[in-house]
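Residue numbers start from 1 in every chain, and the chains themselves are labelled A, B, ... in the order their sequence lines are given, proteins ahead of strands.
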Amino acid sequence: MANPIEHGAAAAQSNSFRQQPDEHGHFGGRYGGRFVAETLMPLILELNEAYEAAKADPAFHRELVYYQTDYIGRPSPLWFARRMTEAFGGAKIYLKREELNHTGSHKLNNVMGQILLARRMGRTRIVAETGAGQHGVATATVCALFGMKCVIYMGATDVERQKPNVFRMRLLGAEVVPVTAGAGTLKDAMNEAMRDWVANVADTYMLIGTVAGPHPYPAMVRDFQSVIGEETKEQMRAAEGRLPDVVVAAIGGGSNAMGIFYPFLDDASVRLIGVEAAGHGLDSGKTAASIERGRPGVLHGNRTYLLQNADGQIDEAHSISAGLDYPGVGPEHSWLNDIGRAEYVGATDTEALDAFQLCTKLEGIIPALESAHAVAYAAKLAPTLPKDTLLVVNLSGRGDKDIFTVAEHLGVTL
Amino acid sequence: MSRIAARFKTLAAEGRGALIPYLEAYDPDRATSLELLRAMPAAGADLIEVGMPFSDPSADGPVIQAAALRGLKAGATLVGVLDMVAEFRKEDDATPVILMGYVNPVESYGYERFCNDAAAAGVDGLILVDLPPEEGSVIAAPAQAAGLDIIRLVAPTTPDARLEYVLAHASGFVYYVSIVGITGTRSASAHDLASAIPRVRAATNLPIAIGFGVRTPEQAAQASSIADGAVVASALLATLAETLDAQGRATPQTLPRVLEQIGALAQAVRAAGQKPA
Ligand SMILES: Cc1ncc(COP(=O)(O)O)c(C=O)c1O
């Protein structure tokens with residue numbers, strides 16, 4: 001294929017995988033970037049400068065650590081899942097307990113970083129998109145904490161299947177706006193949040209919930225989530241005296257995965273596996289497996305793998321899990337896939353439902369349906385690995401929000 | 001001279017600005033939108049913007065979103081859009097046609113192939129809303145080779161230093177987004193425009209068209225006399241939508257109502273040009 005977008009492909013000449021993106025926000029010279037309307041462009045550039053300044057400011061880091069510790073409850077434990085390990089009969093399974101964070105998922109790691117940045121920038125109004133509602137709840141939470149106005153865009157379909165989170169957000173003082181465009185899921189909510197931002201640039205900060213969007217969001221969100229991988233590294237050294245062999249994480253937009261992968265990118269011995277939602281099956285046409293079944297394109301401000309038709313129209317994604325129901329993926333994952341540093345696989349709706357129950361019964365931990373996709377793949381992989389293999393699953397969230405969905409699929413009326 | 005440059009030159013000599021109506025290709029079906037395209041020059045269109053439907057028009061308001069969805073439902077593809085323009089060109093070799101849309105369908109088509117096919121179909125310029133100059137290298141060379149103008153958006157939020165950078169990558173004309181927001185929501189006041197346009201004017205020799213929020217004949221007259229042209233989109237698409245039947249199909253009202261509105265806009269734009277500034 002005559003590839004028109006290889007202009008910067010040689011830019012990434014470094015023997016570290018932790019030097020991306022370049023100053024244009026490109027990963028591997030190809031993915032990411034800043035594909036937004038001119039009205040937003042000056043804001044994106046301003047945000048980049050503000051983030052670079054914050055990153056270089058020790059006071060910002062001290063503030064972030066304070067909230068991570070006393071408000072989010074970090075560090076989250078690395079739990080040796082003994083019964084799961086026995087049941088799988090192979091690799092030693094550890095769970096990184098992000099579900100124990102305040103608000104029940106990894107989402108607050110990123111949201112806390114960005115709200116502190118928004119405050120530094122003098123913004124008073126926050127808009128955000130949400131799928132499962134976890135990012136919306138996390139955002140509404142920090143807006144309550146700091147007394148800021150909060151508007152959450154959520155697909156109408158998701159509003160329906162994630163009612164408890166909608167109620168939580170409203171209790172926290174957020175305005176939840178159901179989006180009926182398209183299939184009423186995360187991609188439509190993202191479009192609507194961007195429209196709001198374009199119309200309210202003076203006072204509004206757009207708080208993106210995953211490692212996607214125009215530069216600097218993918219890099220910034222990754223940085224704020226990297227605390228997951230950094231802790232995992234230390235905790236595994238303390239527990240086993242060495243690095244893990246395999247790290248598995250679910251991929252929606254890819255933020256919990258980037259967060260746990262990033263600190264390991266230069267540790268060649270560590271296999272990094274991203275689990276996409278295969279929906280009804282990778283070849284069913286009803287999936288959210290952007291890397292495995294999509295091709296590169298441009299959506300929501302960045303170039304990345306997308307589910308799209310032959311004409312470049314974006315397809316609707318499908319997953320039982322609202323948080324994975326997105327036709328794109330963060331651009332750094334696209335790059336990591338292409339260079340082979342990370343592997344991307346799928347888990348179906350049914351496999352996730354089984355893993356949801358298995359994790360609950362064996363470990364007494366109800367995982368989010370998103371995280372259950374990672375557990376599902378671990379359940380397949382672990383038995384094929386030697387018993388001294390150390391396998392970490394990023395348990396990105398707790399599943400209380402999903403009990404209605406799961407009950408329905410199990411034929412139980414609540 | 002390109003059709004775009006020639007048209008703005010003629011209008012400048014006449015002492016008036018351009019009316020630039022917008023239609024969404026295949027809205028509500030191919031035949032109706034082609035007929036509308038063909039009838040627009042006689043109704044008073046000086047240049048025409050043809051929207052390329054996209055599934056995720058994140059810079060557009062509800063009216064253009066709905067039009068894009070209707071277009072896609074009617075089977076719009078880029079091949080089909082180019083084919084429409086080619087049919088239009090058989091009868092009209094003077095009215096500039098500008099394609100407006102989002103970058104992904106074009107990237108999917110292939111930048112070079114698209115520029116060549118668009119030029120061959122008789123397209124004069126491209127506006128890709130989500131392709132800022134920072135990412136524009138993918139299309140700059142193929143567009144130039146094919147003789148297509150890349151029309152750049154400039155917004156009220158664009159600072160002076162950036163204005164220079166953006167305009168260095170512009171050709172054809174400059175599209176001034178008159179409001180901070182999405183299409184079809186608010187309108188800028190004549191006062192805002194009168195203070196904004198000189199800033200852009202000082203930075204470019206290209207003609208300037210004002211769009212986003214130009215709805216009424218009065219607004220079109222104002223915008224086209226403060227700048228060099230006025231783009232009207234949502235107001236026309238809203239009228240078109242009103243004329244559709246319950247199944248979203250065109251009715252005998254559809255073309256006459258939209259064309260009548262273009263006529264009224266054109267009359268106001270022309271009248272504004274007669275008055276000394
Ligand atoms: C618990 C949980 N895990 C994972 C995800 C997927 O997002 P990401 O891939 O950005 O981590 C979500 C999204 O809502 C989530 O709530």
Side-chain angles (χ1 to χ4, degrees), chain A residues 1-8 23-26 30 32-46 180-183 187-188 190-202 214-215 295-303 306 308-316 327-328, chain B residues 52-62 65-66 68-69 72 75-80 101-113 128-135 137-139 141-142 152-159 161-162 166 175-177 179-183 185-186 212:
Chain A
M1 177 173 99
N3 182 355
I5 35 201
E6 270 175 354
H7 56 285
E23 74 270 29
H24 307 291
H26 291 155
R30 171 164 200 196
R34 289 182 279 227
F35 295 86
V36 295
E38 178 57 29
T39 314
L40 285 181
M41 205 57 209
L43 280 103
I44 298 284
L45 297 171
E46 183 200 355
T180 50
K187 114 179 144 78
D188 311 296
M190 185 82 160
N191 288 331
E192 212 51 36
M194 286 176 81
R195 291 182 185 117
D196 179 310
W197 192 26
V198 175
N200 298 288
V201 293
H215 179 64
R295 62 191 169 89
V298 175
L299 181 72
H300 295 152
N302 64 112
R303 182 180 288 116
L306 299 173
Q308 54 181 320
N309 73 12
D311 290 308
Q313 305 293 342
I314 309 306
D315 285 333
E316 297 296 346
Chain B
M52 303 181 280
F54 181 49
S55 53
D56 293 80
S58 57
D60 285 301
Q65 289 174 45
L69 276 186
L72 288 176
T77 61
L78 288 195
V79 173
Y102 292 79
V103 73
N104 194 55
V106 175
E107 179 158 315
S108 176
Y109 194 105
Y111 290 104
E112 192 172 349
R113 185 164 81 94
L128 295 174
V129 180
D130 55 349
L131 190 73
E134 278 82 355
E135 300 287 350
S137 64
V138 288
I139 201 157
R152 290 263 159 228
L153 304 182
V154 166
T157 49
T158 310
R162 178 169 172 79
V166 173
Y175 190 127
Y176 183 72
V177 175
I179 52 149
V180 176
I182 52 176
T183 53
T185 47
R186 324 170 176 167
F212 282 48

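Comparing B:Ile179, B:Leu153, B:Val79 by how many heavy-atom pairs each has under 4.5 Å with chain A, the most go to B:Leu153. Top candidate by heavy-atom pairs under 4.5 Å with chain A, chosen from B:Leu78, B:Thr158, B:Val177, is B:Thr158. Among B:Pro53, B:Ser55, B:Ala155, the residue with the largest count of heavy-atom pairs under 4.5 Å with chain A is B:Ser55. The candidate from B:Arg186, B:Arg152, B:Arg162 with the greatest count of non-hydrogen atom pairs under 4.5 Å with chain A is B:Arg162. Your options are A:His24, A:Gln308, A:Met190, and the one with the most heavy-atom pairs under 4.5 Å with chain B is A:Gln308.
Scanning all heavy atoms of the two residues, the minimum distance from B:Glu107 to A:Gly297 falls at OE2-CA, 4.0 Å. Nearest heavy atom pair, residue A:Gly312 against residue B:Asn104, reads O-ND2, 2.9 Å. Nearest approach of A:Thr39 to B:Gly181, heavy atoms of both residues: CG2-N, 4.4 Å. Contact detail for B:Ser58 and A:Arg195: the closest heavy-atom pair is O-CG, 3.0 Å.
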Check your understanding: What do the steps show when you test B:Glu134 against A:Met41 for side chain to side chain contact (heavy atoms under 4.5 Å, CB included), and what is the final call?
Key -> CA-CA 9 Å; B:Glu134 278 82 355; A:Met41 205 57 209; 3.4 Å; yes
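Looking at A:Leu299, only its side chain comes within 4.5 Å of chain B, counting heavy atoms on both sides. Both the backbone and the side chain of B:Val129 come within contact range of chain A, judged by heavy atoms closer than 4.5 Å. Using a 4.5 Å cut-off between heavy atoms, A:Ala310 contacts chain B through its backbone alone, with no side-chain atom that close. Heavy-atom distances place no part of B:Leu128 under 4.5 Å from chain A, backbone and side chain included.
Here CG of B:Asp130 is found 8.0 Å from CE of A:Met194. Values are rounded to the nearest 0.5 Å. Residue B:Thr157 holds its OG1 atom at 6.5 Å from CD of A:Glu38, rounded to the nearest 0.5 Å. In this structure, OG1 on B:Thr77 lies 5.0 Å from CG on A:Asp311, to the nearest 0.5 angstrom.
Counting only heavy atoms from C-beta outward, the side chains of B:Phe54 and A:Ile314 approach each other to under 4.5 Å.
A:His26 and B:Glu135 share a donor-acceptor pair across their side chains, judged by distance under 3.5 Å alone.
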